Chemist: 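Take a look at the following structure, please.
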There are 2 protein chains.
Amino acid sequence: MDKTAAIFKEFLKGRGLKFTPERKAVLREVFSLHRHFDAETLYQELYRKKVRISRASVYRTLPLLVKSGLIAETLRCQGKTSYEHIYGHGHHDHMLCIGCGKVIEFRSEKIEKLQNEICRRHGFKPVEHRLGIKGYCRECQRKIKMKKKLPLDSAE
Amino acid sequence: MDKTAAIFKEFLKGRGLKFTPERKAVLREVFSLHRHFDAETLYQELYRKKVRISRASVYRTLPLLVKSGLIAETLRCQGKTSYEHIYGHGHHDHMLCIGCGKVIEFRSEKIEKLQNEICRRHGFKPVEHRLGIKGYCRECQRKIKMKKKLPLDSAE
DNA sequence: ATTGAAAATGAGAATAAATCGCAATTAAAA
DNA sequence: TTTTAATTGCGATTTATTCTCATTTTCAAT
Ligand SMILES: [Mn+2]
Ligand SMILES: [Mn+2]
Ligand SMILES: [Zn+2]
Ligand SMILES: [Zn+2]
């Protein structure tokens with residue numbers, strides 16, 4: 001049925017691992033979300049939906065999904081390891097707004113090519129890469145400008 | 001005397017903070033190291049040198065050094081936040097060998113330009129970025145090839 | 001020099017993410 | 001079915017980092 005399930009199942013079988021209901025549930029939830037997420041969030045979301053599987057299983061399943069190539073870790077935003085699904089989505093990089101936390105995704109063929117080129121020059125065989133640009137989105141830049149116009153005070 | 005000390009002092013003064021002996025010691029150690037490092041390593045190194053300052057002070061000082069622009073966080077390798085000094089060193093990106101942990105530094109003007117270009121297109125104002133490429137260095141590739149030549153067994 | 005207020009320190013407790021140990025359960029190949 | 005290795009949940013544990021707070025220190029103003 002589900003292509004992702006088929007892929008995951010296949011991946012597991014290849015390693016003598018089992019396609020358990022818990023793993024199925026995590027997979028399902030992962031692909032129902034359309035944002036970046038972390039283990040705890042996923043656990044909570046499942047809990048809310050009355051899918052009672054343990055945190056441990058969530059923590060144990062996510063790395064498997066990464067290895068299977070269905071999801072990937074994203075830039076670590078604040079302490080927690082976060083993920084995004086990759087399947088049917090393709091590789092991309094991120095801009096992260098320092099002001100509001102917004103995430104902008106982008107992909108540059110040129111940058112990807114240059115990276116490979118550089119790796120080649122160093123005899124380095126790239127497996128994955130992550131590019132994250134922190135800064136301010138349009139809206140936050142506007143907000144900041146307005147604040148500066150105002151007369152006084154500014155803690156922080 | 002020391003330019004970095006002058007900068008840090010200036011930075012601190014500007015915020016009503018104090019240039020204490022503890023902060024001086026951390027700064028000194030940071031610039032004596034020439035590799036990436038984490039808080040605990042720095043603490044241990046200071047301890048070894050009989051500089052008795054608390055972990056808490058190390059943990060408190062590093063973020064200040066980051067804000068001052070003298071050092072920066074690097075790609076998180078394994079759980080710990082790691083840093084490198086930036087002053088007098090210039091921005092660069094990293095390749096990280098999955099096999100042996102080696103770090104290769106590089107800088108590509110072209111990639112930097114492309115990044116800025118893309119940010120402009122998105123109305124995004126970049127503040128800092130991090131590009132990390134994980135993969136295998138020359139030596140580790142060789143090792144892997146040899147292993148494959150051997151007849152049997154391979155856990156993991 | 002003295003003083004005083006604000007900031008910093010050290011020591012250990014507290015927190016939070018992630019991992020682990022283990023007894024009980026379960027998937028799935030034979 | 002049976003069998004066996006894999007998996008689960010639970011709580012305990014680990015590890016990095018932050019926090020608390022009583023005491024000490026800095027530094028600018030007297
Ligand atoms: Mn993304
Ligand atoms: Mn570096
Ligand atoms: Zn924003
Ligand atoms: Zn290597």
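Everything numeric here is computed off the predicted structure, so don't read it as measured data.
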Chemist: Hey, does the side chain of B:Ser57 come within less than 4.0 Å of C:dG10's phosphate (OP1/OP2), counting only N and O?
Modeler: yes
Chemist: Figure out the CG/C1' separation between A:Leu12 and C:dA29, and round it to whole Å.
Modeler: 16 Å
Chemist: Could you check which of C:dG10, D:dA6, D:dG9 has an atom nearest any side-chain atom of A:Leu17?
Modeler: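 So the side chain of A:Leu17 is nearest to D:dA6.
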Chemist: Rounded to whole angstrom units, what separation is found between the CG atom of A:Leu42 and the C1' atom of C:dA17?
Modeler: 15 Å
Chemist: Without placing hydrogens or testing angles, list every side-chain donor-acceptor pair under 3.5 Å for residues 97-108 of chain A, not counting sequence neighbours.
Modeler:
| unit_1 | atom_1 | unit_2 | atom_2 | d |
| --- | --- | --- | --- | --- |
| A:Lys102 | NZ | A:Glu139 | OE1 | 2.7 |
| A:Glu105 | OE2 | A:His36 | NE2 | 3.2 |
| A:Glu105 | OE2 | A:His92 | NE2 | 3.1 |
| A:Arg107 | NE | A:Glu109 | OE1 | 3.2 |
| A:Arg107 | NH1 | A:His91 | O | 3.2 |
| A:Arg107 | NH2 | A:Glu109 | OE2 | 2.9 |
| A:Ser108 | OG | A:Lys110 | N | 3.4 |
| A:Ser108 | OG | A:Ile111 | N | 3.0 |

Chemist: Go through it in stages, so that I can follow the logic: the residues are B:Arg76 and B:Ser82, the test is side-chain hydrogen bond (donor to acceptor under 3.5 Å, both in side chains), and I'd like the CA-CA distance, side-chain angles, deciding distance and then a yes or no.
Modeler: CA-CA 6 Å; B:Arg76 189 178 282 258; B:Ser82 89; over 6 Å; no
Chemist: Under 3.5 Å, is there any donor-acceptor pair linking the side chain of A:Lys18 to the base of D:dA5?
Modeler: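 Checked by distance alone, the answer is yes.
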Chemist: Check this one for me: any side-chain N or O of B:Tyr59 less than 4.0 Å away from OP1 or OP2 of D:dT17?
Modeler: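 Answer yes for this pair, as a side-chain N or O of B:Tyr59 is under 4.0 Å from OP1 or OP2.
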Chemist: Whole angstrom is fine here: how far is it from CZ in B:Phe19 over to P in D:dT26?
Modeler: 12 Å
Chemist: D:dT7 phosphate, OP1 or OP2: any side-chain N/O from A:Arg23 under 4.0 angstrom?
Modeler: yes
Chemist: Measure the distance from OH on B:Tyr43 to P on D:dA16 and round it to the nearest whole Å.
Modeler: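 After rounding, the reported distance stands at 14 Å.
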Chemist: Taking side chain to side chain contact (heavy atoms under 4.5 Å, CB included) as the criterion, tell me which of B:Thr4, B:Leu62, B:Leu70 meets it with B:Val30.
Modeler: B:Leu62
Chemist: Take atom CD of B:Gln44 and atom P of D:dA16, then tell me their distance rounded to the nearest Å.
Modeler: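 The answer, rounded to whole Å, is 11 Å.
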Chemist: Flag the pair B:Tyr47 / B:Val51 as yes when at least one side-chain heavy-atom distance between them is below 4.5 Å, and no otherwise.
Modeler: no
Chemist: Quickly work out the B:Glu22 CD to C:dA7 P distance and round it to whole Å.
Modeler: 17 Å
Chemist: Quick one: which of D:dG9, C:dA27, C:dA17 gets closest to the side chain of A:Pro21?
Modeler: C:dA27
Chemist: Just checking A:Arg52: base, sugar-phosphate only, or nothing, at a heavy-atom cut-off of under 4.0 Å?
Modeler: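 Sugar-phosphate: the residue A:Arg52, judged by heavy atoms under 4.0 Å, touches backbone atoms but no base.
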Chemist: For A:Arg55 and for B:Arg76, locate the closest nucleotide of DNA chain D by heavy-atom distance; then report the residue assigned to the nucleotide nearer the 5' terminus.
Modeler: A:Arg55
Chemist: Please tell me if the side chains of B:Ile133 and A:Gln115 come closer than 4.5 Å, counting only heavy atoms from C-beta onward.
Modeler: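 Yes, side chains in contact.
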Chemist: For B:Pro63 and for B:Lys9, locate the closest nucleotide of DNA chain D by heavy-atom distance; then report the residue assigned to the nucleotide nearer the 5' terminus.
Modeler: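 Final value for this comparison: B:Pro63.
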Chemist: Atom CZ of B:Arg60 and atom P of D:dT20: how far apart are they, to the nearest Å?
Modeler: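 Rounded to the whole Å, the gap is 12 Å.
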Chemist: Does a side-chain N or O of B:Thr20 approach OP1 or OP2 of D:dT25 to a distance below 4.0 Å, or not?
Modeler: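 So the side chain of B:Thr20 is outside the cut-off, no N or O lying under 4.0 Å from OP1 or OP2 of D:dT25.
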Chemist: For the pair made of CG in B:Leu27 and P in C:dA8, what is the distance, rounded to whole Å?
Modeler: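 Distance check: B:Leu27 CG to C:dA8 P gives 16 Å.
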Chemist: Does A:Thr81 make a side-chain N or O approach to OP1 or OP2 of C:dA17 shorter than 4.0 Å?
Modeler: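 No.
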